[in-house]
Amino acid sequence: RKCWVARAEERKKGSLSLPRWKPIIPLMDWKQAIERWRSLLPEERARIRRDRIPLNVAESMAFEGEPVELEMLRIEHARLETPRVTSKHALAS
């Protein structure tokens, strides 16, 4: 699917937000958003950043006129995050 289609579907599923009249988190100004972000644990902030990579790439590619399937990016991202199984020691060359 193209990025804008996938994003619309995610909104419908509720993964990004609920219907416009009932947001997941209360509306906040930019100062509150920054305070909330800073209050998160470093591991949680890293997880959120990592999880956003496929969507950010899809949006960037669509902006450049080369849309890609969001699901394909998610699969590739998950594959790259999975540690490889090898019989070699990690420091072996």
Side-chain angles (χ1 to χ4, degrees):
R1 292 186 185 125
K2 304 302 180 217
C3 174
W4 61 273
V5 173
R7 184 161 216 158
E9 288 177 3
E10 284 189 30
R11 283 191 182 119
K12 287 179 187 175
K13 291 179 189 175
S15 61
L16 292 178
S17 66
L18 295 173
R20 290 179 183 246
W21 45 268
K22 189 175 181 182
I24 291 175
I25 53 177
L27 296 176
M28 58 180 93
D29 66 12
W30 63 273
K31 291 178 185 177
Q32 292 171 318
I34 290 172
E35 288 173 8
R36 183 175 179 270
W37 176 256
R38 289 179 177 166
S39 71
L40 295 174
L41 295 173
E43 297 82 14
E44 182 67 10
R45 289 194 306 243
R47 185 195 61 76
I48 291 169
R49 284 186 187 115
R50 203 172 40 251
D51 290 347
R52 288 181 181 166
I53 290 172
L55 183 59
N56 291 345
V57 170
E59 288 178 337
S60 177
M61 295 292 289
F63 181 77
E64 292 296 326
E66 300 179 26
V68 295
E69 292 186 22
L70 181 57
E71 191 58 32
M72 182 273 302
L73 290 174
R74 286 185 173 146
I75 291 168
E76 183 66 14
H77 187 251
R79 185 186 70 79
L80 292 173
E81 283 189 333
T82 306
R84 294 183 180 180
V85 178
T86 179
S87 59
K88 287 186 176 182
H89 187 273
L91 298 176
S93 16

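We use all heavy atoms of the structure for the numbers below, so side chains are in, but hydrogens, waters and symmetry mates are not.
- Of the possible donor and acceptor atoms, one in the side chain of Gln32 sits under 3.5 Å from a partner among the backbone N and O of Asp29.
- Distance check, rounded to the nearest 0.5 Å: CZ of Arg45 to CZ of Arg50 gives 13.0 Å.
- Shown here for Ala58 and Val68, the closest heavy-atom pair between the two residues is CA-CG2, 4.1 Å.
- Linking ILVMFWY side-chain heavy atoms closer than 4.5 Å, directly or via other members, places Val57 and Met72 in a single hydrophobic cluster.
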Using the side chain to side chain contact (heavy atoms under 4.5 Å, CB included) rule, take Leu40 and Ile48 through it: C-alpha gap first, then chi angles, then the decisive distance, then the call. CA-CA 10 Å; Leu40 295 174; Ile48 291 169; 3.8 Å; yes
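- Put simply, Leu73 and Ile75 are part of two different groups of oily side chains (I, L, V, M, F, W, Y) that touch within less than 4.5 Å, one to the next.
- A salt bridge does not link Arg38 to Glu35: none of the charged side-chain nitrogens sits closer than 4.0 Å to a carboxylate oxygen.
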Trace of the side chain to side chain contact (heavy atoms under 4.5 Å, CB included) decision for Arg74 with His77: CA-CA 5 Å; Arg74 286 185 173 146; His77 187 251; 5.6 Å; no
